[in-house]
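Notes for the one structure printed next.
Quick caveat, the model's predicted, so the values are computed rather than measured.
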Amino acid sequence: MNRINQLFSQKQHNILSLYFTAGYPDIDDTVPILEAMAAQGVDMAEIGIPFSDPMADGTTIQNSSQIALKNGMTLSKLFEQLKDIRQKIDIPLVMMGYLNPIMQYGVENFCRDCASTGIDGVIIPDLPFAEYLRDYKPLADRYGLKFIMLITPETSEERIRLIDEHTDGFIYMVSTAATTGTQHSFSDATLSYFHRIDRMGLRNPRLIGFGISNAATCTAAQSAANGVIVGSGFIKALAASSDNLPQAVANLLKQLRN
């Protein structure tokens, strides 16, 4: 069983997934960050592939991506770093990146290397759903990868149900139509969106991301979904404790709980 499916079969609530940009703060931090996350009970890791034009990301993640690229991070380098990762950690790993670097690498080469490395899922924010069904789903099925789709407050019920029918793993609920970034609380409209999707009775579990940065936003999102994804808040924690990566993870976990 894919590790993503296994996680959700064993734990239905309060799942925590953390996003970080590979190659940030330093080029060789990828594996130590993953080990620190797993050691402190983080449920799932989302590994960002740095890209020069990450359209869905806010300033914090954009800056981390630029630094990672300057550090020399590439997809080839990332796969080399991760080649023995399954000898060290067991939590589900999701690769997040944009179409351009993946297409330059070669889509099938990318899927094959994800599978051989032990990557469980892939998030490509700028991949059109029709193109996924036609060109990517056969590869995903061949290599046992879960392609995770994003929905927003503007996504129609028809599209949400189509995504729910044709994907397997979890649905990434974007809390806002804006880019990623931290915020202190959610509006009534955002909370209404969370609960509207919850009432749809979807087949796939859901994780909410974008804007999760403290206990209030974490609790609000977890009350209406299976868990949360934290990105910008974790990048900031890594920047503040770049010389002590386990402490960066601990500081974020404390921030989400207090």
Side-chain angles (χ1 to χ4, degrees), residues 4 7-8 11-21 24 33-34 36-38 40-48 54-65 91-96 121 123 125 148-155 169-198 202 204-241 245 247-258:
I4 296 173
L7 170 63
F8 285 104
K11 184 175 181 180
Q12 285 76 48
H13 304 289
N14 300 330
I15 286 173
L16 175 61
S17 178
L18 299 185
Y19 167 96
F20 71 98
T21 304
Y24 177 88
I33 289 173
L34 291 171
M37 291 165 62
Q40 297 189 52
V42 174
D43 298 299
M44 182 161 57
E46 187 179 324
I47 307 167
M55 65 179 187
D57 296 316
T59 302
T60 299
I61 294 179
Q62 286 183 21
N63 289 342
S64 72
S65 194
I91 64 173
L93 300 177
V94 177
M95 196 86 83
M96 184 276 188
I123 300 171
I148 309 304
M149 294 292 155
L150 284 70
I151 65 171
T152 76
E154 283 71 39
T155 306
F170 67 92
I171 291 175
Y172 191 140
M173 283 181 61
V174 175
S175 68
T176 171
T179 56
T180 57
T182 58
Q183 55 192 73
H184 298 295
S185 63
F186 290 123
S187 67
D188 289 342
T190 298
L191 295 174
S192 176
Y193 153 62
F194 291 169
H195 291 287
R196 172 171 59 86
I197 303 302
D198 191 33
L202 299 177
N204 279 294
R206 291 157 289 112
L207 296 182
I208 296 175
F210 289 42
I212 312 294
S213 62
N214 56 22
T217 49
C218 185
T219 300
Q222 287 179 334
S223 70
N226 301 85
V228 298
I229 299 169
V230 179
S232 297
F234 188 37
I235 297 292
K236 290 178 180 178
L238 289 170
S241 300
L245 299 175
Q247 189 61 50
V249 177
N251 289 345
L252 179 71
L253 295 179
K254 182 178 179 181
Q255 182 178 322
L256 294 174
R257 291 167 181 160
N258 295 332

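Distance check: Leu16 CG to Gln40 CD gives 11.0 Å after rounding to the nearest 0.5 Å. To the nearest 0.5 Å, atom CZ of residue Arg257 and atom SG of residue Cys218 are 9.0 Å apart. Between Phe20 atom CZ and Ser64 atom OG the span is 10.5 Å, to the nearest 0.5 Å.
At a threshold of 4.5 Å between non-hydrogen side-chain atoms, the residues Ile229 and Glu46 count as touching. The side-chain heavy atoms of Ile212 and Phe186, taken from C-beta on, include a pair separated by under 4.5 Å. By the 4.5 Å heavy-atom criterion applied to side chains, Leu150 and Ile171 are not counted as neighbours. At least one side-chain heavy atom of Met44 sits less than 4.5 Å from a side-chain heavy atom of Leu207. Residues Leu202 and Ile197 have side chains in contact (heavy-atom distance under 4.5 Å, counting atoms from C-beta outward). Tyr19 places none of its side-chain heavy atoms less than 4.5 Å from the side chain of Phe234. No side-chain heavy atom of Val174 sits under 4.5 Å from any side-chain heavy atom of Ile208. Under the 4.5 Å side-chain criterion, counting only non-hydrogen atoms from C-beta, Met173 is in contact with Phe194.
Considering all non-hydrogen atoms of both residues, Pro153 and Ser175 come closest at CG-O, 3.7 Å. Nearest heavy atoms, Gly169 versus Pro205: O-CG, 3.3 Å. Smallest separation of non-hydrogen atoms from Asp43 and Pro92: O-CD, 3.2 Å. When all heavy atoms are compared, the tightest approach of Ala36 to Val249 is CB-CG2, 3.9 Å. Across Gln12 and Asn226, no two heavy atoms sit closer than the pair O-ND2, 2.8 Å. Heavy-atom minimum distance, Met96 versus Pro125: CE-CG, 3.2 Å.
Counting heavy atoms of neighbouring residues, nucleotides and ligands inside a 6.0 Å radius, atom NZ of Lys254 does not exceed 12 of them.
A side-chain donor from one of Asn251 and Gln247 sits under 3.5 Å from a side-chain acceptor of the other. When only modelled atom types and interatomic distance are considered, Thr60 and Ser232 share no side-chain donor-acceptor pair under 3.5 Å.
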Before giving the answer on side-chain contact (heavy atoms from CB on, under 4.5 Å), spell out for Tyr193 and Ile151 the whole-Å C-alpha distance, their side-chain angles and the decisive distance to 0.1 Å. CA-CA 11 Å; Tyr193 153 62; Ile151 65 171; 3.9 Å; yes
Do Ile47 and Leu34 pass the side-chain contact (heavy atoms from CB on, under 4.5 Å) test, and can you show the C-alpha distance, the side-chain angles, and the key distance before you say yes or no? CA-CA 9 Å; Ile47 307 167; Leu34 291 171; 4.0 Å; yes
Which is it for Leu256 and Thr217 under the side-chain contact (heavy atoms from CB on, under 4.5 Å) test, yes or no, and what are the steps along the way? CA-CA 8 Å; Leu256 294 174; Thr217 49; 5.7 Å; no
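Tyr172 and Phe210 have perpendicular rings, their planes meeting at more than 60° on a 0 to 90° scale where under 30° would count as parallel.
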